[in-house]
Number of protein chains: 2
Amino acid sequence: MTASTVLDEAELLERHGVLPSAQRLAIAQYVLRTDEHPSADQVFAKVKRALPMVSRATVYNTLNLFVDKGLLRAHVLAEGKVVFDPNLAPHHHFIDEETGAIHDVPWSALAVSNVDALEGFDVHEYQVVLRGKLK
Amino acid sequence: MTASTVLDEAELLERHGVLPSAQRLAIAQYVLRTDEHPSADQVFAKVKRALPMVSRATVYNTLNLFVDKGLLRAHVLAEGKVVFDPNLAPHHHFIDEETGAIHDVPWSALAVSNVDALEGFDVHEYQVVLRGKLK
DNA sequence: ACGGACCTTAGACTGTGTCTAAAGCGAGAC
DNA sequence: GTCTCGCTTTAGACACAGTCTAAGGTCCGT
C-alpha cells in the first residue's frame, strides 16, 4: 500500500526477472529514466562516471538483457546505430536531420489507416518515422 | 523516338551526372534492378561474381555516389545495416520478423493523417515501418 | 607521347557490437 | 565460518561495417 513516486529500481528489475547487481542498477538508473535515446556506447560513457570500472561487455549484455525482459525497447533509426528507449508505450519518432537527435511523437498525434487491410502482411507492430527540421 | 523497354544503364548514369565505368555499370546493373534491398556488402558479393577484381571501397563509393546523384535511396531499417533501394517513389516498408527480409509497401496502401499539424516539427519526409509475419 | 582529371585498388584504420576465458561474488549447505 | 555452485563481471580478442589513404591505372584532349 505504500504508494511511491520514486521508483525502486531494484524491485523493478526483480519484477521483470532480472537479478539486481551494482552494475545493473547503475545502468538502470540512467537508461530507464532518460529520454535521450542513447546508443549503447553513450550508456557506457554515462555509467562509467558513476562506476568507473564497469566493462563495455557488461553494458552491452545488460542492455540486451533489459530488452529481452521488456524493460527497454531497441530502435534502429539513426545511421547505423541501435538506440534504447525506456518508453514502452507505442509511439512514433521524429529525427532532426540537422543534429540527428531523436524525439518521441505521441501515438495519438498521428493516425495510420488501413494497416489491418494490408494484403499478405500480418502486422505485429508499426510506427511512423519522420525526418525534418525543428520548427 | 526509339522507345525501349530495356534500360541503357550507361545512358542512365550519364543522365544523372555519373561518368560510366566498367565497375559502375556492373554495380548499376544489379542494384538498380533488384528489389532485394541489399546491404553494401551484399552488393559487393554479388558484383564480385561478375567482376572479381572489384574492390570493396569502389562498391561503397559507388553506392554513396548513386545515392548522392538520386539513383538510389538508402534506408536504415534492419539491424545495424544500411540497405539500398532503387525504388525512388515514396513508399513504406514491411520487415519480416522471421527472416529480416524487407518488402516495399505502396504509398497508397496506407494513409497517415495529421503529419502537417504536428507541433514544433517541420516534417520533410516520413514513412511507416511495419514489422510482422508474412501471411 | 604527354598531362591532367578522374577512377580503382589494397590495405590500414575506426567504430560498433559480440564472444571467451578467467576471476569475482552471494547465498545456501554443511 | 568456510565451501561450493551458479550467476555476473571483467579485459581483451574478435568480427564486421564502413571510411580513408596512397599509389597506380585509364581515358581523353593536345
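Letters A, B, ... are given to chains in the order of the sequence lines, protein chains preceding strands, and every chain is numbered from 1. For clarity, every value in this text was computed on a predicted model and none was experimentally measured.
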- Rounded to the Å, how far apart are Asp41(A) CG and dG17(C) P? 6 Å
- Task: For dT10(D), take OP1 and OP2 only and decide whether either is under 4.0 Å from a side-chain N or O of Ser55(A).
- Result: yes
- Task: Please report, rounded to the nearest Å, how far the P atom of dT16(C) is from the CG atom of Asn64(A).
- Result: 15 Å
- Message: Once you measure the plane-to-plane angle for His93(A) and His37(A), does it fall in the parallel (<30°), tilted (30-60°) or perpendicular (>60°) bin?
- Response: perpendicular
- Query: To the nearest Å, how far apart are Gln23(B) CD and dC6(C) P?
  - Reply: 17 Å
- Message: When you measure from the side-chain N and O atoms of Ser21(A) to the phosphate of dT9(D), is any distance below 4.0 Å, counting only OP1 and OP2?
- Response: yes
- Message: Is the phosphate of dT19(D) approached by Tyr60(B) (side-chain N or O, under 4.0 Å from OP1 or OP2)?
- Response: no
- For Leu71(B), which of Leu63(B), Leu88(B), Leu65(B), Leu32(B) qualifies under side-chain contact (heavy atoms from CB on, under 4.5 Å)? Leu32(B)
- Please give, in whole Å, the distance from dT19(D) C1' to Leu65(B) CG? 15 Å
- Item | Listed nucleotide nearest any side-chain atom of Thr62(A), set dG18(D), dT18(C), dT9(D) | dT9(D)
- Message: Using whole Å, what does the distance between atom P of nucleotide dA17(D) and atom CZ of Phe84(B) come to?
- Response: 13 Å
- Query: Tell me: CZ of Phe66(A) to C1' of dT8(D), nearest whole Å?
  - Reply: 13 Å
- Criterion side-chain contact (heavy atoms from CB on, under 4.5 Å) against Val129(B), the qualifying member of Ile102(B), Val105(B), Ile95(B): Ile95(B)
- Under 4.0 Å between a side-chain N/O of Arg24(A) and OP1 or OP2 of dT8(D), yes or no? yes
- Rounded off to whole Å, could you give me the CZ-to-C1' distance for the Phe44(B) and dG11(C) pair? 12 Å
- Message: Parallel, tilted or perpendicular: which one describes the rings of Phe121(B) and His103(A), with boundaries at 30° and 60°?
- Response: tilted
- Between dC7(C) atom C1' and Met53(B) atom CE, what is the distance in whole Å? 15 Å
- Salt-bridge criterion met for Asp96(B) and Arg131(B) (N-O under 4.0 Å): no
- First encountered from the 5' end of DNA chain D, between Asn61(A) and Arg56(A): Asn61(A)
